[in-house]
There are 2 protein chains.
Amino acid sequence: MNAILDGDCIKVMNSLPEASVDLIFADPPYNLQLKGELHRPDNSRVDAVDDAWDQFSSFAAYDKFTRDWLAAAQRLLKPNGAIWVIGSYHNIFRVGAALQDAGFWILNDVVWRKSNPMPNFRGKRFTNAHETMIWAGKSEDSKYTFNYEALKALNEGIQMRSDWVLPICNGHERLKDDKGDKAHPTQKPEGLLHRVLVGSSNPGDVVLDPFFGTGTTGAVAKMLGREFIGIEREAAYRKVAEKRISKVRKFDREALQVSTSKRAEPRVPFGQLVERGMLRPGEELYSPRGQIAKVRADGTLIGTDVKGSIHQVGAHLEGAPSCNGWTYWTFKQDGKKVPIDVLRQQIRSEMAS
Amino acid sequence: MNAILDGDCIKVMNSLPEASVDLIFADPPYNLQLKGELHRPDNSRVDAVDDAWDQFSSFAAYDKFTRDWLAAAQRLLKPNGAIWVIGSYHNIFRVGAALQDAGFWILNDVVWRKSNPMPNFRGKRFTNAHETMIWAGKSEDSKYTFNYEALKALNEGIQMRSDWVLPICNGHERLKDDKGDKAHPTQKPEGLLHRVLVGSSNPGDVVLDPFFGTGTTGAVAKMLGREFIGIEREAAYRKVAEKRISKVRKFDREALQVSTSKRAEPRVPFGQLVERGMLRPGEELYSPRGQIAKVRADGTLIGTDVKGSIHQVGAHLEGAPSCNGWTYWTFKQDGKKVPIDVLRQQIRSEMAS
DNA sequence: AATCCAGCTGAATCCATGA
DNA sequence: GTCATGGATTCAGCTGGAT
């Protein structure tokens, strides 16, 4: 745990215990199939991704590699685990189809829209200004983690969309080797991993990255109080990543607390309000339209022609498929109408203390 | 030519002569696999895409369908032809892999970022705010059409990126049936097709849409002076499309001439007004002295003896070294002359949100 | 005549828990 | 496994009628 394992990711994954990982973030080789060299208009040469680890003999060979590492990844995930895979149009369609074929259940595809992409120097295509991430549950039934409120807060109060605008990794964040060259050709920005991990994992979760590279996933996981496992077969990358992560400090515990939704709060049966005498049997509740229902001793309501729970009676009055009775009904307190949800909040705050 | 053919798209395509089509735009079924009903927080029901044509028994069945229509499409394309396919995460990965397997050569994936997507009502995933288009040549050797300068002109003088922000099709553009309901559940916006056709085809080219629906491809092709072939098996959609396209008027010939040489960068994206249909190619703009200039499809203007950006033509008419075209030009709206800057403000307010 | 507001809608794989 | 039930959840933009 919190280590970088040496070796081929498939073999290493198969040596780890099954159902032991909460989240996987994978940045596999893109299989770029670049032909000649590319030069900028000023004749400078573009430093391309031409590493041996990105060479595959055919689509079939790439597909086999993809199926194999996905199978190993799926074995490692807990039943409610999830996976993120990032790629470009060269490989992401094959990865996505393989994910579906393996039984993963796609939850979203998320577009990383680069605010500062490399232009298309030849003027023969569109500027390749984005990469695609696929977020998928281990299976269709997985109860995946999604910190809705935290992401909404990250986005100034509006729910997070499937397109994320983030700059590419450069400047001080971009790791250099001893010669001052970039240490890894495709280092991902920490901002990207921050959003992934805040949104789809919780503190203490185990996060695995089978293509660890220079360790962005590990660095951000450490900051955010997640446990990480990295797998990387290139010694040079492992060395850079080790040094990088050792310098990372975990955020304060308070900083790791994210906004939670009401769903995470304890359930309070309406009957408790009656039991505790906050509402008395026979007391009248009022709908937004002024309709009246009476509280009964067992915590149900009775209206003019219907009885049942606060939700059922509200739904009936509205002719709606469902209704949140807590916010629907009000009662009279000192002559003013007050939502009954206020009483639930009182009970919850008592429970917390 | 310029007709809507009735029948199954694979059979119809196989009945057409091979190597006869320059460009294909395809909006195939997405295979959504929706389960139950979905309600908004206000309890209104979401009108889902549950049509029979989007039902497939398995991924294997969908893959076979995809391979078959792609093979027919590939046969129809000229050697230098290209194809666009649009989809969502439900199907686009399978389509992309099938394209590659069939020998198509992916040129870009292009993300349509929706400025006004439907939210995620249950707060369980990211807002599904984009769709993906794949642009591919018939083969790796295809000398595909790419109107670099025209697209650059549409994008305020900056080269066009692989992510396009456009609103979904609603308002008056959205076609209704006799009962006032939407005529087609997934009608695409004309702005999207405008950019596709201006960017990757030339006037006179033959454009095929094998999933014609209500004919957005045909309508925009006609406006832009392209020949179209539509294939649609649902009589109701064909009827709506026929009526729609009959009302479309082709733009003036000179409006279709797009820039072929570099020019000064306009300071503002006037082209977006054209792309979004706020101003139509061929429409007249008026100077303060009553002089007239016509809008062209790539967002440039043509006057009596001058053509160029809104700023350049304005400056020429005034004999001035420079001119702010945004405040200089007006267009007619409901009989009144309105500065085009009003339209820019509309776009800006959309972008800000 | 402008402005405002309520209402409606869009390619959506959209719940969790306990009996 | 199924089933019933509590109760949580939305953004942008257009339209048509009211102010």
Check: Ring centroid separation for B/Phe126 and A/Trp135, is it under 6.0 angstrom?
Finding: yes
Next item on the list: Taking the six-membered ring for Trp and the full ring for Phe, Tyr or His, determine whether the centres of B/His130 and A/Trp112 are under 6.0 Å apart.
Entry: no
Margin query: Just the rounded figure in Å: distance from P of D/dA12 to CD of B/Glu173.
Written below: 20 Å
Checklist line | Those residues of residues 272-281 of chain A lying under 4.0 Å from DNA chain D by at least one heavy atom | finding: none
Next item on the list: Give a yes/no verdict on a cation-pi contact between B/Arg113 and B/Trp164, requiring under 6.0 Å between NZ or CZ and the six-membered ring centre and an angle within 45° of the axis.
Entry: no
Notebook entry, point to check: Do the numbers put B/Arg94 on top of the ring of B/Phe59, so that NZ or CZ is under 6.0 Å from the six-membered ring centre and no more than 45° off the axis?
Noted result: yes
Check: Would you say B/Lys124 reaches C/dA16's phosphate, i.e. side-chain N/O to OP1/OP2 under 4.0 Å?
Finding: yes
Check: So does A/Tyr148 get a side-chain nitrogen or oxygen closer than 4.0 Å to the phosphate oxygens (OP1/OP2) of D/dT10?
Finding: yes
Note to self: Stem list for DNA chain C, please, built from Watson-Crick and G-U wobble pairs under 3.5 Å and keeping only runs of at least 3.
What the structure shows: C:2-10 with D:11-19, C:15-19 with D:2-6
Check: When you look at A/Asn80 and A/Tyr144, which way does the side chain to side chain donor-acceptor pair (under 3.5 Å) test go after all the steps?
Finding: CA-CA 5 Å; A/Asn80 292 331; A/Tyr144 55 90; over 6 Å; no
Please list, pair by pair, any protein nitrogen or oxygen found under 3.5 Å from a nitrogen or oxygen in nucleotides 5-10 of chain C.
from: C/dG10; atom 1: OP2; to: B/Lys182; atom 2: NZ; distance (Å): 2.8
from: C/dG10; atom 1: O5'; to: B/Lys182; atom 2: NZ; distance (Å): 3.3
from: C/dG10; atom 1: N7; to: B/Arg40; atom 2: NH2; distance (Å): 2.6
from: C/dG10; atom 1: O6; to: B/Arg40; atom 2: NE; distance (Å): 3.0
from: C/dG10; atom 1: N2; to: B/Pro117; atom 2: O; distance (Å): 3.1

Checklist line | Residue pair B/Ser88 / B/His90, side-chain donor-acceptor N/O under 3.5 Å | finding: yes
Next item on the list: Answer yes or no: is there an ion pair linking B/Asp177 with B/Lys179, defined by an N-O contact shorter than 4.0 Å?
Entry: no
